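This report refers to the structure that appears directly beneath it.
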Amino acid sequence: MSEPGYPSPELQNKIQRSINTGTFPEDWKHAEVCPLLMKPWADPLELKKFQPISLLPYPAKVLEEAINTQLPNFIEVNNSLDCSQSGFSSNHSTKADRLAAMDDIRSLLYHGHFPALILLDLSAAFDMVFHSTLCTRLHDVGISGTALKWIHSFLSGRTQRVRLPPYTSKPTGVSCGVPQGSFLCPTLFNIYMTPLTTIVRNHGMNIVSYTDDTQLIISLTKDPDMAKNNFHLGMEAVTTWMRESCLKLNSDKTELIIFGNATSAMDDTWWPTSLSTPPPPTKHALGIILYSK
């Protein structure tokens, strides 16, 4: 009999074999998806009002936690993630990205510039991760050998079915995405998004991100023509990268805040076709109230 709070010897042996061989147990790869209403008063006849909750086998989560105690340490020691990525990173919280964004904005204002904050939204980001691309990016940050083999095994060959009592769908295969509800999911997604920071900075913009929430910061007044050109080219590069990474930018949920009375404030000419029409400026973002122009 195992001690309270510890896995049984049989489970410990199965976990150790999985780690040693780089193989995730096949019988732990199935998920039960339970649709729950986002709000109690939402209309249950509208499918978009439901949030799918993925339930994974408990032993699988024990194994994931064992891996997740090592992977973040490796990433931190090897500086595999950019400092702009604060989601689920060591010594970071949900406040980190807000503070970083506000610090960049205050710095631009202090030096006489009028910054704009663009908040990008990704559609079903965790479900769109392409497995072979993720494994390539894991290898690029130094993860190889048995560790990489284990992650590939963890991702591949998964199935799921929808359960809405008294009904249950037939199991179906999952060809992409990282398992929702998994301990490893946020860390793997952070690595998947790593190349984006270089693309954004190469086009004269700052970036702050928390997992799939990405904020871009650009000065409208330092050199308006150059800023406009950088923004056009930068967003075209971002959308191209997302398309190649099987991610989809949701332009309908893009938000904008302009700080100060910028004479070169964004208008229709600022927005590339990849972002559809420019959104109206907002005052609510990052979970706090900000004041635009």
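Predicted model, so just to flag it, every value in this text is computed and none were measured.
Once rounded to the nearest 0.5 Å, the distance linking CD1 of Ile143 with CG of Leu188 reads 8.0 Å. From Leu47, atom CG reaches atom CG of Asp43 across 10.0 Å, with rounding to the nearest 0.5 Å. Here the CG-CG distance, from Asn230 to Asp225, works out to 11.0 Å after rounding to the nearest 0.5 Å. Rounding to the nearest 0.5 Å places CD1 of Ile199 at 12.5 Å from CD of Glu236. Between Arg243 atom CZ and Leu249 atom CG the span is 11.0 Å, to the nearest 0.5 Å. Taken from CG in Leu134 to SG in Cys246, the straight-line distance is 11.5 Å, to the nearest 0.5 Å.
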If you apply the rule side chain to side chain contact (heavy atoms under 4.5 Å, CB included), what do you find for Ile75 with Val141, and how did you get there?
CA-CA 8 Å; Ile75 290 172; Val141 299; 5.8 Å; no
Start with the C-alpha distance between Tyr192 and Val178, add both sets of side-chain angles, then the distance that settles side chain to side chain contact (heavy atoms under 4.5 Å, CB included), and finish with yes or no.
CA-CA 10 Å; Tyr192 195 75; Val178 287; over 6 Å; no
Let's go through Ile15 and Leu11 carefully: what are the C-alpha distance in whole Å and the side-chain angles of both, what is the deciding distance for side chain to side chain contact (heavy atoms under 4.5 Å, CB included) to 0.1 Å, and is it a yes or a no?
CA-CA 6 Å; Ile15 289 173; Leu11 180 56; 4.0 Å; yes
Please determine whether side chain to side chain contact (heavy atoms under 4.5 Å, CB included) holds for the pair Ile67 and Ile151, giving the CA-CA distance in whole Å, both sets of side-chain angles, and the decisive distance to 0.1 Å.
CA-CA 10 Å; Ile67 299 297; Ile151 294 175; 5.7 Å; no
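Considering all non-hydrogen atoms of both residues, Gly234 and Met205 come closest at CA-CE, 4.0 Å. Across all their heavy atoms, Thr214 and Ser209 have their closest contact at OG1-CB, 4.1 Å. Nearest heavy atoms, Val33 versus Pro52: CG1-CB, 3.7 Å. For Ser54 against Ala31, the heavy-atom pair with the smallest separation is OG-CB, 3.5 Å.
Pro72 places a side-chain heavy atom less than 4.5 Å from the side chain of Asn68. Taking the side chain as every heavy atom from C-beta outward, Trp241 and Leu247 approach each other to under 4.5 Å. In this structure the side chain of His203 never reaches within 4.5 angstrom of the side chain of Val238, judged on heavy atoms. Taking 4.5 Å as the limit, some side-chain heavy atom of Leu63 sits within range of a side-chain heavy atom of Pro25. Taking the side chain as every heavy atom from C-beta outward, Leu37 and Phe50 approach each other to under 4.5 Å.
Residues Tyr58 and Ile19 fall within the same hydrophobic cluster, defined by Ile, Leu, Val, Met, Phe, Trp and Tyr side chains chained together at heavy-atom separations under 4.5 Å. Tracing side-chain contacts under 4.5 Å through hydrophobic residues (I, L, V, M, F, W, Y), one never reaches Val62 starting from Leu56; they form parts of separate clusters. Note on Leu148: it clusters hydrophobically with Phe74, by side-chain heavy-atom contacts below 4.5 Å among ILVMFWY residues. With hydrophobic clusters built from ILVMFWY side chains whose heavy atoms lie under 4.5 angstrom apart, Phe183 does not share a cluster with Ile191. Cluster membership for Met242 and Val129, using ILVMFWY side-chain heavy atoms within less than 4.5 angstrom, is shared.
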For residues 103-128, tabulate all N or O donor-acceptor pairs below 3.5 Å that involve a side-chain atom, not counting sequence neighbours.
| residue | atom | partner | partner atom | Å |
| --- | --- | --- | --- | --- |
| His111 | ND1 | Ser107 | O | 2.8 |
| Asp127 | OD1 | Gln180 | NE2 | 2.9 |
| Asp127 | OD2 | Gln180 | NE2 | 3.2 |

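Each side chain to side chain donor-acceptor pair (under 3.5 Å) pair with one or both residues in residues 131-140, not counting sequence neighbours, appears once here: Arg137-Ser245. Residues in residues 157-177 take part in these side chain to side chain donor-acceptor pair (under 3.5 Å) pairs, two or more places apart or across chains: His30-Thr159, Glu32-Arg161, Glu32-Arg163. Applying the salt bridge (charged side-chain N to carboxylate O under 4.0 Å, His left out) rule to pairs touching residues 59-69 yields nothing, sequence neighbours excluded. Evaluation of the salt bridge (charged side-chain N to carboxylate O under 4.0 Å, His left out) test over residues 15-28, restricted to residues two or more places apart or in two chains, returns Lys14-Asp27, Glu26-Lys29. Residue pairs meeting the side chain to side chain donor-acceptor pair (under 3.5 Å) criterion with at least one member in residues 141-151, sequence neighbours excluded, are Ser18-Trp150.
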